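Heads up: the structure comes next, in structure tokens.
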Amino acid sequence: MNIIHNVKEQLVAALKRAATAARQAGILEFTELPDFVLEVPREKARGDFATNLALVLAAQVKKPPRRIAEALLQYLELPRPGVAEAEIAGPGFINFKLEPRFFLQALPAVLRLGESYGCSNMGKGEKVQVEFVSANPTGLLHMGNARGAALGDAIANILAAAGYEVTREFYINDAGNQIENFALSLEARYLQALGVEAEIPADGYHGQDLVETVNRFIEQVGDKYLNADPSLRREMLVSFALEEKLAGIRQALEDFGVYFDVWFSEQSLHDSGAVAQTIADLQRAGYVYEKDGALWFKATAFGEGKDEVLVRSNGLPTYFAADIAYHRNKFERGFKRIINIWGADHHGHVSRLKSALAALGLEVDRLEIVLMQLVRLFQGGEILRMSKRTGQYVTLQELVEEVGRDAARYFFVMLKPDSHLDFDLDLARSQSAENPVYYVQYAHARICSILRLAADRGIDLPEPATVNLELLREPPEQELAKKIAEFPEVVAGAARSLEPHRLTRYAHDLAELFHVFYTECRVLADEPDLRAARLLLVLATRITLRNVLNLLGVTAPERM
RNA sequence: GCGCCUGUAGCUCAGCCGGACAGAGCAGCGGCCUUCUAAGCCGCGGGCCGCAGGUUCGAAUCCUGCCAGGCGCGCCA
């Protein structure tokens, strides 16, 4: 059920036939039909669709584009019913106008589909995994993680709507050097709390949160590990702290409306031998050598600038080695598309990882990495530096408290991932009421208000099949219906490109057209048939608004 | 030095698989509430699309070179 998609396909086919017919008649000479587009023109006065076919043909045909367009029109059979007229404009575009009531057909179907309006079977049920956030479990979530959470969750939602079977995964970096540091820092705090002099490593974790964590640890076990074997002491501290930190992360994400299907432990890859196995397989493939007591991956064989260490001279595998094993594991789990949402500071890692996966004989094209640029925080005109070690950062929890979940999520998803994001805290606090998300939510609340009033007055909701759509003759009514009809195309486009910000654009445009309609047309009119038709339009708008907000992880309030 | 990202209205950003006069929000100015929520609607002002070349019938969009900002180039993760 996608009337726009259907009519576009018909038009494209008709255009191809027209070009072929003109060639056979000897009017247009060309060897191969070039790629052309059929798109919605920016200026709505130009019609509903426009094609540049005559323009792109000009290179081969060697005639003025407008002349070519004339020839095409001569042989073009317009799909009917649907397309009302075609005309040549500008340098040689062909503009098409649909019959005014064409888009109104979509309305009954929207009501029938309800929550699933906008969904498609594009993904054909293929398994896709989206891994995102994957924050270090040694602290709290910061603004960069928040952006990743909003973005990753929206992408996962959109893919699910487009017919993929989606798994959301959080990779827990619970191994390696940082955990060592974490352990030493915890140990120092533990000893300090028990009155023993101890120092946190220079590059350790100095945040106040560890003091509190250690205090809770002491409430449970007291000074039991004061004189214990240091490695046991650290192990107990780490396992306690990680559990607590992860629970906090999970809670913060849930408060942000983000849930994961799988929490995948890096340590489990070491424990299961997967890391060792991966290194051995790379070795067998001939891409590993030893130098200075370490094992190196021959990344230069894949065009990289330099080789990478897999196993350090102290015998411990690197994060890189574990990440290769992790991604191999993803392939083994059968995902057709493997999508990672990474901060731009990891971009150097992308091609290295892909090289290693190629060395293992895996189809690297199945791995898609969305790099998002980092978030810079401003306060009082100054940059706030974020650092786990110094404990100075604004957390996701604070963000949600300050600006609200809906506003924060909308804001993060509104920007394309490539854009650097300067987040002005003062602005976010003061302007939260002017956030564009309210514009969209307000449209939804207004609709609910109309429906409440209708119920109060004992007005029945229309039966879609019996509504006379012909009564919707006003331009705002038809434009709103057209925008509603576009929704499935927009979702599919966002899924293809992994660009959720297309949906915030769409949501804004839809809300705008509704507000105009609301101002111009009275829904609860006296005339029952017109009222029923407008109620149908309003109900379809509500469904579409709700569905698009849902995909973005933003609530659709009934009152504001 | 090398690599990736960004540079569009006062501010924050769309548009960038080339196309028809460059768009939106916020901020500014002026109108609109006796009937469904004014968190709204209508109108106005505001832009050498970082700079310079090139390709093209046509460039914000593609190519090259500069300039500016961010990030990366660890036996860190």
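As the structure is a prediction and not an experimental result, all values here were calculated from the model. Proteins come first, then strands; the chains are lettered A, B, ... in the order of their sequence lines, and each starts at number 1.
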*What residues, two or more places apart in sequence or in another chain, satisfy salt bridge (Lys or Arg N to Asp or Glu O under 4.0 Å) together with A/Glu308?*
A/Lys306, A/Arg352
_Less than 4.0 angstrom between a side-chain N/O of A/Arg312 and OP1 or OP2 of B/A77, yes or no?_
yes
Kindly give the atom pairs (protein nitrogen or oxygen, nucleotide nitrogen or oxygen) under 3.5 Å for nucleotides 32-36 of chain B.
from  : atom 1 : to       : atom 2 : distance (Å)
B/U35 : O2'    : A/Arg522 : NH2    : 3.0
B/C36 : O2     : A/Leu524 : N      : 3.2
B/C36 : N3     : A/Val523 : N      : 2.9
B/C36 : N4     : A/Tyr518 : O      : 2.9
B/C36 : N4     : A/Cys521 : O      : 2.6

*With A/Arg234, which residues qualify under side chain to side chain donor-acceptor pair (under 3.5 Å), at least two apart?*
A/Glu187
*Does A/Phe514 have A/Arg446 sitting over its ring (NZ/CZ under 6.0 Å from centre, angle to axis within 45°)?*
no
_Value in whole Å for how far the C1' atom of B/C17 lies from CG of A/Leu498_ = 16 Å
*Range-with-range stems for RNA chain B, at least three Watson-Crick or G-U pairs under 3.5 Å*: B:1-7 with B:67-73, B:10-13 with B:23-26, B:28-32 with B:40-44, B:50-54 with B:62-66
_Between B/A77 and A/Asp174, counting only base atoms on the nucleotide and side-chain atoms on the residue, is there a donor-acceptor pair under 3.5 Å?_
no
*From the options B/G25, B/G19, B/G15, select the nucleotide whose nearest atom is closest to the side chain of A/Phe93.*
B/G19
For nucleotides 59-63 of chain B, which of its nitrogen or oxygen atoms have a protein nitrogen or oxygen under 3.5 Å away, and what is each distance?
none

*Applying the side-chain hydrogen bond (donor to acceptor under 3.5 Å, both in side chains) test to A/Asn340, which of A/His346, A/Glu169, A/His327 qualifies?*
A/His327
Between the protein and nucleotides 7-13 of chain B, are there any N/O to N/O pairs under 3.5 Å, and if so, what are the atom names and distances?
from  : atom 1 : to       : atom 2 : distance (Å)
B/C13 : OP1    : A/His420 : O      : 3.1

*Whole angstrom value for the distance that separates C1' of B/G19 from CG of A/Asn95*: 12 Å
